[in-house]
Amino acid sequence: MSNSKMTARERIEALLEANSFVELGGLVSARNTDYNLGAKKVDGDGVITGYGTLGDRMVYVYSQDVSMLGGSIGEMHAKKIASVYDMAMKTGAPVIAMMDCAGLRLQEANDALAAFGQIFFKQAQASGRIPQITAVFGMCGGGSSVMSAMSDFTFMTSDGALFVNSPNALEGNIETKLNTASAAYQAETAGNVDFVCETEEEMIQQMRALLNFLPSDHEADDAYVECTDDLNRVIADLNDAAYDAKFIAASISDGNVFVETKAAFAKEMMTGFIRLSGETVGVVANAETVMTADGLEKATRFVKFCDAFNIPVLTVTNVEGMKASVEEEKNLAKAMAKFTAELAGSTVAKVNLIAGKAFGTAGVVMNSKAVGADFVVAWPEASIGMMDAAQAVRIIYADEIAAGDQMTVINEKTAEYKELQSSAIAAAKRGYVDDIIEPDATRKRLIAAFEMLFGKKEEFVDRKHATI
């Protein structure tokens, strides 16, 4: 792959199908003539806008041209972008933003500020109606960073820059000390970037791969593709392999294809898309056995997206509890509340696979039947309950353990407690698990579950919106 920079138009042509791009507003130019801007006017005002096809579906796109007025956002630049949003919402098609921008056009002052607000307003209107994808090819600072954050998914080249305040503007910081604008920081620490790519060509290919999983709008069902994989495929490797959330997701998916989102951020929680029998399914899984505030925030926004676009949700549960630290304690309860409310309030089909442990409050909020899961299955060796059986026994039978043969009492009581309270069988007998399945049959059983839930309709008490 080449590391050379593409032009704004080349980026569009590389993304869309050959000869499908139709430009809109190519002759639009700035109206402002202050600071001798009239002499610097360019056709298009620093952004190329239009529509084309990606696969067999229409998408709208705008690509900022850094070679023209630095790609800066002014009144007419923003008007072109707003027009793209209006057309996309009318026709039900995604908007793809290719950003390479010097930021606000200072010479236009209030007109430029109002321009930013106009774009924000259109993005807010479009949220949950059409998918919004942002790709940062160069600079994306100040108000432009808000445009990125208001989209559903953000891509960024490894040498791009995304920031509200530049690193050197932060008190006590210099860029060489902590480059808060870097792709690494924004993806790993801030969680504002879903995909980081080394080259522009790679980023465009990953954008195409993601868009292939997404519907055109909130009412469309055009993300389906013909499934050529065996619907009853047995996955023997799941019987003996150590728990690995990514391996499970890829193994059960059609053609073993799994697109992970925000892979570098809050790695203890995994989110992404798979296909089951040709249908897109969103996956939220515990990659580690502890929950964190960042991981819950990541999962909450992902579930919100899936619910808005009628994408079924599969949760894969293997969790023992919440991370215990002073830093986590600040936001953990609030993050758990938001995640629980989002899952409970979502109306899409929700299936939970308990592949390991489901302990305590953490196990409950991971899409248990108590918070609204439509169907729950568990592997035979799953543990479901308050805590690890041996730990529970040490608390419940502390006196007996102290008075007798410790190991004998612990072993006997642990086996008894597990059978009665923390096994998959015990949970199934109480109705908390709908079925216990063999790991190698996971794919076909999940396909059957989602087929059973196809066409699910659910209505909640009428209200304006929740407050959590």
Which label fits Y60 and Y51: parallel for a plane angle under 30°, tilted from 30 to 60°, or perpendicular past 60°?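 The arrangement is tilted - the two ring planes meet at 30° to 60°.
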Below 30° counts as parallel, above 60° as perpendicular, anything between as tilted: where do the rings of F195 and F155 land?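 Parallel.
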Please lay out, stage by stage, how N286 and N318 fare under the test side-chain hydrogen bond (donor to acceptor under 3.5 Å, both in side chains). CA-CA 6 Å; N286 302 116; N318 181 30; over 6 Å; no
[atom1]-[atom2] distance between [X] and [Y], expressed to the nearest 0.5 angstrom:
X	Y	atom1	atom2	answer
E10	I204	CD	CD1	9.5 Å
K350	K456	NZ	NZ	4.5 Å
M147	C101	CE	SG	7.0 Å
E381	S383	CD	OG	8.0 Å
I133	M98	CD1	CE	11.0 Å
R463	H465	CZ	NE2	9.5 Å

Going by side chain to side chain contact (heavy atoms under 4.5 Å, CB included), M99 matches just one of S145, S144, S151. Which one?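 Option passing the side chain to side chain contact (heavy atoms under 4.5 Å, CB included) with M99: S144.
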Among V316, L353, L314, which residue satisfies the side chain to side chain contact (heavy atoms under 4.5 Å, CB included) criterion with I252?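 Exactly one pass, corresponding to L314.
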With heavy-atom distances below 4.5 Å as the criterion, would you say the side chains of [X] and [Y] are in contact?
X	Y	result
L214	P94	no
R208	N212	no
V61	V95	no
M207	I96	yes
Y85	Q123	yes
K444	L231	no
I130	M89	yes
I354	I384	yes

Checking [X] side chain against [Y] main chain: does a donor-acceptor pair fall under 3.5 Å?
X	Y	result
R445	P439	no
D222	P215	no
S20	E17	yes
D435	V377	no
T271	T261	yes
D217	R129	no
S253	A249	no
T49	K80	no
T300	L296	yes
T280	F213	yes

Verify side-chain hydrogen bond (donor to acceptor under 3.5 Å, both in side chains) between Q132 and D152, making sure each step is shown before the conclusion. CA-CA 5 Å; Q132 300 179 63; D152 297 308; 4.8 Å; no
Do E297 and K338 meet the salt-bridge criterion of a basic N to acidic O distance under 4.0 Å?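 No, this pair does not count.
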Is D254 salt-bridged to R443, going by a charged N under 4.0 Å from an acidic O?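 Counted as a salt bridge, because a side-chain N and a carboxylate O are separated by less than 4.0 Å.
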Give me the atom names and distance for the closest heavy-atom approach of [X] to [Y].
X	Y	value
Q186	T180	NE2-O, 2.8 Å
V365	V371	O-CG2, 4.3 Å
S251	R233	O-NH1, 2.9 Å
A299	F339	CB-CE1, 3.6 Å
S277	Y224	O-CE1, 3.3 Å
G138	D100	CA-OD1, 3.5 Å

Could you please spell out the steps behind the side-chain hydrogen bond (donor to acceptor under 3.5 Å, both in side chains) verdict for E202 and Q206? CA-CA 6 Å; E202 177 192 351; Q206 288 203 22; 3.2 Å; yes
With a sphere of 6.0 Å drawn around [atom1] of [X], does it hold more than 12 non-hydrogen atoms of other residues, nucleotides or ligands?
X	atom1	result
D221	CG	no
K177	NZ	no
Y432	OH	no
F121	CZ	no

F454 and F450: aromatic ring centres closer than 6.0 Å?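 Judged by ring-centre distance (under 6.0 Å), F454 and F450 do not meet the cut-off.
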Determine whether the aromatic ring centres of F273 and F302 lie less than 6.0 Å apart.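 Judged by ring-centre distance (under 6.0 Å), F273 and F302 do meet the cut-off.
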Does the side chain of S346 come under 3.5 Å of the side chain of D307 through a donor N or O and an acceptor N or O?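 Side-chain D/A pair, S346 to D307: absent.
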Go through it in stages, so that I can follow the logic: the residues are D159 and K5, the test is salt bridge (charged side-chain N to carboxylate O under 4.0 Å, His left out), and I'd like the CA-CA distance, side-chain angles, deciding distance and then a yes or no. CA-CA 11 Å; D159 59 352; K5 291 286 187 182; 3.5 Å; yes
T292 and its side-chain hydrogen bond (donor to acceptor under 3.5 Å, both in side chains) partner, picked from K298, E268, K323: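 Running side-chain hydrogen bond (donor to acceptor under 3.5 Å, both in side chains) over K298, E268, K323 with T292 returns exactly one hit, E268.
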Set out, in order, the CA-CA distance, both residues' side-chain angles and the distance that settles salt bridge (charged side-chain N to carboxylate O under 4.0 Å, His left out) for K246 and E260, then state yes or no. CA-CA 8 Å; K246 294 180 184 180; E260 186 176 4; 3.3 Å; yes
Yes or no on side-chain hydrogen bond (donor to acceptor under 3.5 Å, both in side chains) for T154 and T134, after CA distance, side-chain angles and deciding distance? CA-CA 5 Å; T154 296; T134 292; 4.9 Å; no
